[in-house]
Amino acid sequence: MKYNFSEIEKKWQAFWDTNKTFAANIDHTKPKYYVLDFFPYPSSDGLHVGHPEGYTATDIIARYKRMKGFNVLHPMGWDAFGLPAEQFAIKTGIHPRITTQKSIDNFKRQLKSIGLSIDWSREIATIDPKYYKWTQWIFIQLYKKGLAYQAEIPVNWCPELGTVLANEEVPEQIEKGFTVVRRPMKQWMLKITEYAERLLIDLDMLDWPESTKEMQRNWIGKSEGAKVFFPLKGFDESLEIFTTRPDTLWGATYMVLAPEHPLVDKITTAEHRTAVDIYKDTAKQKSDLERQALEKDKTGVFTGAYAVNPVNNEEIPIWISDYVLMGYGTGAIMSVPAHDERDWEFATKFHLPIVEVVKPAGNEKSDITKAAFCEEGIAVNSGFINGLKTEKAKKKTIEWLEEKGLGKGTVQYKLRDWLFSRQRFWGEPFPLIYLEDGTVKLLPEDVLPVMLPEVENYKTIGTGESPLAGISDWVNTTDPETGKPAKRETNTMPQWAGSCWYYLRFLDPDNDKELVNKEAEKYWMPVNLYLGGAEHAVLHLLYARFWHKVLFDLGYVSTREPFVRLFHQGMILGEDSNKMSKSRGNVVNPDDVINNYGADSLRLFEMFLGPLSATKPWSTKGIEGVYRFLNKIWRLVIDEEGNISKKIQEVKPEEDAERIMHRTIMNVTRDIEDMDMKFNTCVSELMIYVNEISRYDVIPAVLVNTLLKLLSPFAPHLAEELWSRLGNSATITFEKWPEYNPAKVQKNIVTVVGQINGKVRSKIEIELDQPDETVLEKMKQDEKIRSYIEGKQIVKEIVVKNKLVNIVVK
RNA sequence: GCCGCCAUGGCGGAAUUGGUAGACGCGCUAGACUCAAAAUCUAGUGAAGGCAACUUCGUAACGGUUCGAGUCCGUUUGGCGGUACCA
């Protein structure tokens, strides 16, 4: 009888469904384990063979943990708002809900066909009003806590798409041929900066890839320094700057403002007005990208104004330049060309004075006429801090500034507030209205959700507003509390909103009274293992941490961090070692693989390809290896007629067989538990085991039972089928994971390697745990070894127990 | 430029963390079965030399530590990911 994978897989998927095998319920008698995949966006293209990699890995963990006695939560849902469906709607007139639902159905069908042990009763989608009700509810809490505000800021506006774009979305759209311009617009912002320090510090308590933590640290970008006030000559006002090197104040020979700095217009003299205005205009038209990537050469103009250096009362000129960014610090700097590369470049180009105030300590030399010296050193030409090392000099300067009221020690973060509104139709509406006098009013929680209206025209209305603004029935509403006319906010939330908290909703998906039931939250949180690609290392993972901390502060969640352990799976490339893409024509569809080889082969092969974290190419030939392996297991248990093989008998295994079994249990268990998620070696251990036992004329049943249990997380359908054919009526899902006896793993006779000067020359078989002297003696009697020592002087002898002997001769 | 990671046969990758390099699989070669093919099974498969037992070389390159290095240290080269005027 042949291994009919498609019949077997359909049968067991139906079995798991009808028996609700993977439904998770709170059970305080068991330890819980929450294993979660990154929230998938159900694209219309469906899955490619790269997707099942992570899903298979988490599924193996889920199934393994169940067998280890854990109560496992393994849910799945859809991050379903998003631009592609909306763009498709503009083109075709088909409602995004319809296309999105179709994509979801397809994704779900594909995921189910892989045989994932997901509790589908907890399925959620961000586009479901029952879900986005609570996304809106969270926004209300953010607003009430003062963490949401409106600001007029320059944004990346894409006229073709009719929306603002997040900075990270810009390069992708430009590549597609869209244009992006900067334009100031009134936008909703979230004060993530208020949580900067905690987001930074709490990284230390997370078991995350070091690289990802480092990226978040860099993104948050903490730097310590001082703010300093420079009085403006001729004005009763000061210019505030931030510096990380207050010790170089004496070397500040000019100031630079960002072109957008509010003081620029005020201080510019009539003589320089035209030049300054022209410069400002050019700067305004440049996108962030142009300003950063293309402009290596410094530009700038003099404003005609002067500031007074508070440490020496020298008057120094104030320039404007776009190398100073309005978004960081105060948008103004003191320029110390001797000790800052950018300032040095600028000063050299515009012939501004360069004054040395730090000398390298020790014998090093620096020449500030050739390049800036940016390291720490000893202060010179700097009044009362002369001779001090940088660290001390900084401290003393700050003390002095604080004493005189001229400045203050302070901390700056690179992290900026989160631009939280999009001019899109397909997103969560904001739960607020504008009253007639223009004031913003939160809607009461009991009117949630604010539903997306039905629309027929998805095109942008050309005013820079979302298509929602064109639906007057919806926009014009009344204040539910006063009955007075009001207008709705027509911006929607970005896609990140829904994915910021979905891991909480899985715990209690149908609750219409609260975000998540307290008991459920306490029982299931935090997520024990969170798995997904490295591309979300900063944004999603930072945003979600931010919301979680807010919810923690408000008492809605009990943990400071949502995801204790994070793992990034590597990418699966096309067979040509390029990224899989339609345009390259190298996309492999899992549906085809499942049709040809079955889901178990797909799962097993995805794991066998290499360590989970590695980027590795797909191989159409390679899958045949694991397919043969599964066939071999089938033939091991089932004979030609479809009966249980007569070789399998209820007998006690011999010592050798038993040892191999225990060794396999040990190695597979160790490699599943391994933090590096190297399931490729688990598969290879199982192959070795099967190769070994299929040689036997009589196969003790315990060897087969053990095999099926060890196999079941990896190839669950085949394991279930053979398990049931062997006469077990219950699913293998909750069978106890096999235990091994370390004493039975060791062989009584071990091979000890004989080395001469570190080179392997011979091997001897010897009893386990012999004293070193005995092993050495035996080794020396070995014919080959003897021929190498004869006539030589033995310098050193090294014995590694049960492993090797190395004799050093001269 | 800066930060992080990586480099092992024709290919994907193993190597108990300093102790037999190349497990397992793909591919390839030969054989068995077959009218033939597929499937399956057996043997071989890092390179060079030798009839052979064996010998020498070999983990990107060079150097170091060590009885012993794919593994640790230094330098260099190549690749991947992130970031980019953050004062």
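Everything numeric here is computed off the predicted structure, so don't read it as measured data. By convention in this document, chain letters (A, B, ...) are assigned in the order of the sequence lines, proteins followed by strands, and residues within each chain are numbered from 1.
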What nitrogen or oxygen pairs link the protein and nucleotides 36-38 of chain B at under 3.5 Å?
none

Give me the distances for all protein-to-nucleotides 39-48 of chain B N/O pairs that come in under 3.5 Å?
{"from": "B:U40", "atom 1": "O3'", "to": "A:Arg635", "atom 2": "NH2", "distance (Å)": "3.3"}

For nucleotides 53-55 of chain B, list the nitrogen or oxygen atoms of the protein found under 3.5 Å from its nitrogen or oxygen atoms, one pair per line.
{"from": "B:U55", "atom 1": "OP1", "to": "A:Tyr788", "atom 2": "OH", "distance (Å)": "3.2"}

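One atom, CD of A:Gln793, and another, P of B:C67, lie 16 Å apart when rounded to the nearest Å. Remark: P of B:G4 and CZ of A:Arg217 are 12 Å apart, rounded to the nearest angstrom. If you take CZ of A:Arg663 and P of B:C24, they are 11 Å apart, rounded to a whole angstrom.
Applying the salt bridge (Lys or Arg N to Asp or Glu O under 4.0 Å) rule to A:Glu197 yields the partners A:Lys222; only residues at least two apart in sequence or on another chain are considered. For A:Asn741, there are no side chain to side chain donor-acceptor pair (under 3.5 Å) partners two or more places apart in sequence or in a different chain. With sequence neighbours excluded, the residues that form a side chain to side chain donor-acceptor pair (under 3.5 Å) with A:Glu214 are A:Arg217. Residues passing the side chain to side chain donor-acceptor pair (under 3.5 Å) test with A:Glu790: none are found, sequence neighbours excluded. Contacts of A:Glu341 classified as salt bridge (Lys or Arg N to Asp or Glu O under 4.0 Å), with partners at least two apart in sequence or in another chain: none. Legend: residues meeting side chain to side chain donor-acceptor pair (under 3.5 Å) with A:Lys801, ordered by chain and number and at least two apart, are absent.
When base pairs are accepted only as Watson-Crick or G-U wobble with both N-N or N-O distances under 3.5 Å, RNA chain B takes part in stems of 3 or more pairs at B:1-7 with B:77-83, B:10-12 with B:24-26, B:27-32 with B:40-45, B:46-49 with B:54-57, B:60-64 with B:72-76.
A:Lys414 comes within contact range of at least one nucleobase, with a heavy-atom separation under 4.0 Å. When heavy atoms are screened at a 4.0 angstrom cut-off, A:Asn680 is found touching the sugar-phosphate backbone but no base atom.
Screening residues 680-697 of chain A for salt bridge (charged side-chain N to carboxylate O under 4.0 Å, His left out), with sequence neighbours left out, gives A:Glu692-A:Arg695.
Contacts with RNA chain B (heavy atom under 4.0 Å) in residues 600-609 of chain A: A:Phe608, A:Leu609, listed by number.
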